[in-house]
Amino acid sequence: MNTGLQLYNTLTRKKELFQPLNAPNVGMYVCGPTVYSDVHLGNCRTFMSFDLIFRYLKYAGYKVRYVRNITDAGHLEGDRDEGDDKFAKRAKLEQLEPMEIVQKYTLGFHDVMRMFNTLPPSIEPTATGHIIEQIEMIKVIIENGYAYEIGGNVYFDVEKYSKEYNYTILTNRNLEDMLNNTRELGGQDDKKGRLDFALWIKAKPETLMQWQSPWGMGFPGWHIECSAMSAKYLGAEFDIHGGGMDLAATHHTNEIAQSEACSHHQPARFWMHTNMLTVNGTRMSKSAGNGFLPLQLFTGDHPLLKKGYSPMTVKFFMMQAHYRSTLDFSNDALDASEKGFRRLMAAVSLLDKLSVSEQNEFDIDALKQNCINAMNDDFNSPVLIAELFEAVRIINTVYDGKGKISATELEKLKTLIKDFVFDILGLKDEESDNLELNSVLDMVIELRKEAKENKDYATSDKIRIGLQELGIQLKDGKEGTTWSKA
């Protein structure tokens with residue numbers, strides 16, 4: 001079993017040796033999507049990063065229980081219990097039942113994760129499936145004196161909790177500054193303190209998603225679900241809790257408070273957070289007009305994209321940045337990743353064509369150790385990829401007859417590629433999967449080009465529309481026509 005793994009712990013703001021509570025078992029909880037809309041790329045980066053972590057922990061010999069929740073209730077528009085319920089608002093907009101919204105976007109999320117070739121978690125619990133556990137946890141927090149009920153609402157008492165525990169331990173913020181910078185919220189006057197947050201929210205008569213509780217009809221606050229579900233499936237103390245860095249200040253801070261108020265234990269030993277995405281140096285957001293969905297990235301159907309990029313190209317691009325680093329999207333960066341990924345896959349396709357020799361010029365054991373060292377350094381995927389391009393160099397050198405490799409070392413090289421390219425990074429060779437499709441589409445695109453040159457626009461449009469109906473998107477550009485799966 002790998003015992004040299006170092007993880008960066010947001011809780012202590014430093015790298016620490018990973019020592020599971022109950023080796024070889026590892027418990028890992030990751031905050032999943034709120035399924036009221038299509039999953040965005042920031043979420044995808046987080047889930048791909050923890051997929052990499054999940055895969056490597058298994059490779060290192062651990063038995064991992066990976067829990068990633070689905071938030072399908074209780075998430076208001078504001079993180080501090082204000083605004084409309086996201087599911088009810090979307091349901092009204094699309095004229096559907098809230099659970100139809102949940103089903104639609106949960107399926108969409110799973111489809112995108114499959115496109116990125118991520119492994120499913122060990123358990124994927126939903127908030128609505130664990131209302132009882134959330135109510136029971138709230139009861140204990142009240143009994144322990146850290147929460148209070150007013151008019152059907154239950155609030156966590158941050159001031160009371162802060163007298164005994166460090167409320168800002170995860171972010172190291174100053175509590176007084178937080179109090180001074182927290183605005184009073186209209187309709188929230190029943191709270192004792194401005195930092196207090198809802199554990200249970202009284203439902204209005206028209207609220208579509210509500211449940212019976214000791215405090216009347218209502219629904220859970222956003223934060224309590226993760227505390228309840230992580231405790232149920234991983235215990236009061238477990239090894240790793242992860243999510244995007246945007247969750248640290250409020251959601252994860254409140255999770256820690258709830259869990260300690262209930263069990264008197266810090267829930268996770270390691271807190272891990274992925275960094276944000278930018279586009280051409282500017283933070284990605286809908287309001288800035290520079291946010292695009294995964295499918296738009298695949299098809300190129302966005303003003304900021306000059307073409308579409310395959311799911312594996314996008315995944316390879318994301319893996320070229322460390323999960324704690326800001327990742328900047330640009331056409332040039334994606335083009336470079338596309339070339340790099342194709343170069344990697346082209347070399348991998350030559351493995352079975354290499355000739356072996358009695359002599360050997362390459363130390364594959366040393367290369368493997370370099371790959372392990374990269375991953376042991378807080379899952380340093382960019383350094384791992386750099387080491388894998390040393391494997392590419394070896395493959396091309398042998399294939400070109402400029403180097404010799406023994407049968408034993410070649411088998412080691414094949415195992416290294418399987419382990420690190422496919423099993424750990426989770427990449428796959430799209431070109432080999434689509435070789436026949438590529439040839440057919442090249443021919444169809446050429447026929448469409450001839451039709452356009454002959455001003456036969458009816459045939460040209462018929463081809464484009466027909467391919468679109470089959471799930472193939474064409475995009476015309478200065479350098480010709482490209483295609484992608486819609």
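Numbers here are sequence positions counted from 1. Just so it is clear, the structure is predicted and the values come from calculations on it, not from any experiment.
Using a distance-only test at 3.5 Å, with no hydrogens or angles considered, no donor-acceptor pair links the side chain of Gln468 to the main chain of Ile465. For the pair Ser227 (side chain) and Glu255 (backbone), a donor-acceptor distance under 3.5 Å is present. Between the side chain of Ser122 and the backbone N or O of Tyr66, at least one donor-acceptor pair lies under 3.5 Å. Asn280 places no side-chain N or O within donor-acceptor distance of the main-chain N or O of Ser330, the cut-off being under 3.5 Å. Checked by atom type and distance alone, the side chain of Asn43 never pairs as donor or acceptor with a backbone atom of Pro33 at under 3.5 Å. Ser381 contributes a side-chain N or O that, together with a main-chain N or O of Met319, makes up a donor-acceptor pair within less than 3.5 Å. Listed for the Thr253 side chain is a donor-acceptor partner under 3.5 Å among the backbone atoms of Ala248. Between the side chain of Arg90 and the backbone N or O of Tyr36, at least one donor-acceptor pair lies under 3.5 Å. Checked by atom type and distance alone, the side chain of Arg45 pairs as donor or acceptor with a backbone atom of Asn275 at under 3.5 Å. Between the side chain of Asp72 and the backbone N or O of Ala127, at least one donor-acceptor pair lies under 3.5 Å.
For the side-chain hydrogen bond (donor to acceptor under 3.5 Å, both in side chains) test, no residue two or more places apart in sequence or in another chain qualifies with Gln19. With sequence neighbours excluded, the residues that form a ring pair (Phe, Tyr, Trp, His ring centres under 6.0 Å) with Phe18 are Tyr62, Phe270. With sequence neighbours left out, the ring pair (Phe, Tyr, Trp, His ring centres under 6.0 Å) criterion links His302 to Phe292. Phe341 meets the ring pair (Phe, Tyr, Trp, His ring centres under 6.0 Å) test with Phe316; sequence neighbours excluded. Judged as a ring pair (Phe, Tyr, Trp, His ring centres under 6.0 Å), and not counting sequence neighbours, Tyr146 has no contacts.
Using a cutoff of 4.0 Å between basic side-chain nitrogens and carboxylate oxygens, Glu149 and Lys139 are not scored as salt-bridged. A salt bridge does not link Asp423 to Lys58: none of the charged side-chain nitrogens sits closer than 4.0 Å to a carboxylate oxygen. Between Lys104 and Glu94 there is a salt bridge, since a side-chain N of the basic residue sits under 4.0 Å from a carboxylate O of the acidic one. A salt bridge is defined here as a Lys NZ or Arg NE, NH1 or NH2 lying under 4.0 Å from an Asp or Glu carboxylate O, and Asp378 with Arg324 meets this definition. Between Lys15 and Asp377, at least one side-chain N (NZ, or NE/NH1/NH2) sits under 4.0 Å from a carboxylate O, which counts as a salt bridge.
Annotation: cation-pi geometry not satisfied between Arg68 and Phe50 (NZ/CZ under 6.0 angstrom from ring centroid, within 45° of ring axis).
Side-chain contact between Leu57 and Leu5 is present, with heavy atoms from C-beta onward closer than 4.5 Å. In this structure, Met28 and Arg65 have side chains that are not in contact, with every pair of non-hydrogen atoms separated by 4.5 Å or more. Between Pro311 and Glu430, some side-chain heavy-atom pair lies under the 4.5 Å cut-off. Two residues are said to be in side-chain contact when any heavy atoms from C-beta on lie closer than 4.5 Å; Lys160 and Asn144 fail this criterion. Counting heavy atoms from C-beta outward, Val30 and Pro121 have side chains that stay 4.5 Å or more apart. Between Phe87 and Val35 the shortest side-chain heavy-atom distance falls below 4.5 Å. Here the side chains of Tyr56 and Ile372 are in contact, with some heavy-atom distance below 4.5 Å. In this structure the side chain of Val154 never reaches within 4.5 angstrom of the side chain of Ile201, judged on heavy atoms.
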Inset, instruction - May I have the step-by-step check of side-chain contact (heavy atoms from CB on, under 4.5 Å) for Met113 and Cys44, ending in yes or no? - result: CA-CA 8 Å; Met113 289 297 100; Cys44 291; 3.8 Å; yes
Inset, instruction - Begin with the C-alpha distance, continue with both residues' side-chain angles, and end with the deciding distance and a verdict on side-chain hydrogen bond (donor to acceptor under 3.5 Å, both in side chains) for Gln258 and Asn254. - result: CA-CA 6 Å; Gln258 292 166 160; Asn254 290 344; over 6 Å; no
Inset, instruction - Could you give me the CA-CA distance, side-chain angles and deciding distance for Tyr323 and Met272, then say whether side-chain contact (heavy atoms from CB on, under 4.5 Å) is met? - result: CA-CA 10 Å; Tyr323 75 90; Met272 303 178 68; 3.2 Å; yes
Inset, instruction - Take Asn69 and Glu225, measure what side-chain hydrogen bond (donor to acceptor under 3.5 Å, both in side chains) needs, and give me the verdict at the end. - result: CA-CA 9 Å; Asn69 72 300; Glu225 63 172 278; 2.9 Å; yes
Legend entry - Derivation and outcome, side-chain hydrogen bond (donor to acceptor under 3.5 Å, both in side chains), residues Tyr165 and His264: CA-CA 9 Å; Tyr165 298 97; His264 305 292; 3.0 Å; yes
Inset, instruction - Evaluate the side-chain hydrogen bond (donor to acceptor under 3.5 Å, both in side chains) criterion for residues Gln266 and Ser259: first the C-alpha distance (whole Å), next the side-chain angles of each, then the deciding distance (0.1 Å), finally the verdict. - result: CA-CA 7 Å; Gln266 164 70 244; Ser259 296; over 6 Å; no
Inset, instruction - Evaluate the ring pair (Phe, Tyr, Trp, His ring centres under 6.0 Å) criterion for residues Phe329 and Phe317: first the C-alpha distance (whole Å), next the side-chain angles of each, then the deciding distance (0.1 Å), finally the verdict. - result: CA-CA 9 Å; Phe329 276 84; Phe317 168 71; 4.9 Å; yes
Legend entry - Candidate pair Ile240 and Tyr29, rule side-chain contact (heavy atoms from CB on, under 4.5 Å), full reasoning: CA-CA 6 Å; Ile240 298 171; Tyr29 188 93; over 6 Å; no
Inset, instruction - List the steps, then state whether salt bridge (charged side-chain N to carboxylate O under 4.0 Å, His left out) holds for Lys232 with Glu136. - result: CA-CA 11 Å; Lys232 175 169 183 173; Glu136 291 303 310; over 6 Å; no
Inset, instruction - Could you go through the side-chain contact (heavy atoms from CB on, under 4.5 Å) check for Met312 and Met345 one step at a time? - result: CA-CA 11 Å; Met312 287 302 101; Met345 289 298 109; over 6 Å; no
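Between Arg173 and Ala249, the closest heavy-atom pair is NH2-O, 2.8 Å. Minimum heavy-atom separation, Gly4 to Asn376: O-CB, 3.7 Å.
Within 6.0 Å of CD on Glu100 lie more than 12 heavy atoms contributed by other residues, nucleotides or ligands. Atom NZ of Lys368 sits in a sparse spot, with 12 or fewer heavy atoms from other residues, nucleotides or ligands closer than 6.0 Å. Around atom CD of Glu159, no more than 12 heavy atoms belonging to other residues, nucleotides or ligands sit under 6.0 Å away. Atom CD1 of Ile132 has 12 or fewer heavy atoms from other residues, nucleotides or ligands within 6.0 Å. No more than 12 heavy atoms of other residues, nucleotides or ligands shown are found within 6.0 angstrom of CD on Gln95.
Taking the six-membered ring where the residue is Trp, His251 and His223 present tilted rings, their angle falling between 30° and 60°.
Annotation: ring pair (Phe, Tyr, Trp, His ring centres under 6.0 Å) contacts involving residues 117-136, sequence neighbours excluded, comprise His130-Tyr233.
Taking the six-membered ring for Trp and the full ring otherwise, the centers of His252 and His273 sit less than 6.0 Å from each other. The aromatic ring centroids of Tyr148 and Phe156 lie 6.0 Å or more from each other. Taking the six-membered ring for Trp and the full ring otherwise, the centers of Phe420 and Tyr59 sit less than 6.0 Å from each other.
Counting only N and O atoms by type, the side chains of Glu124 and His110 include a donor and acceptor under 3.5 Å apart. Checking Thr46 against Thr274 by side-chain atom types alone, a donor-acceptor pair falls below 3.5 Å.
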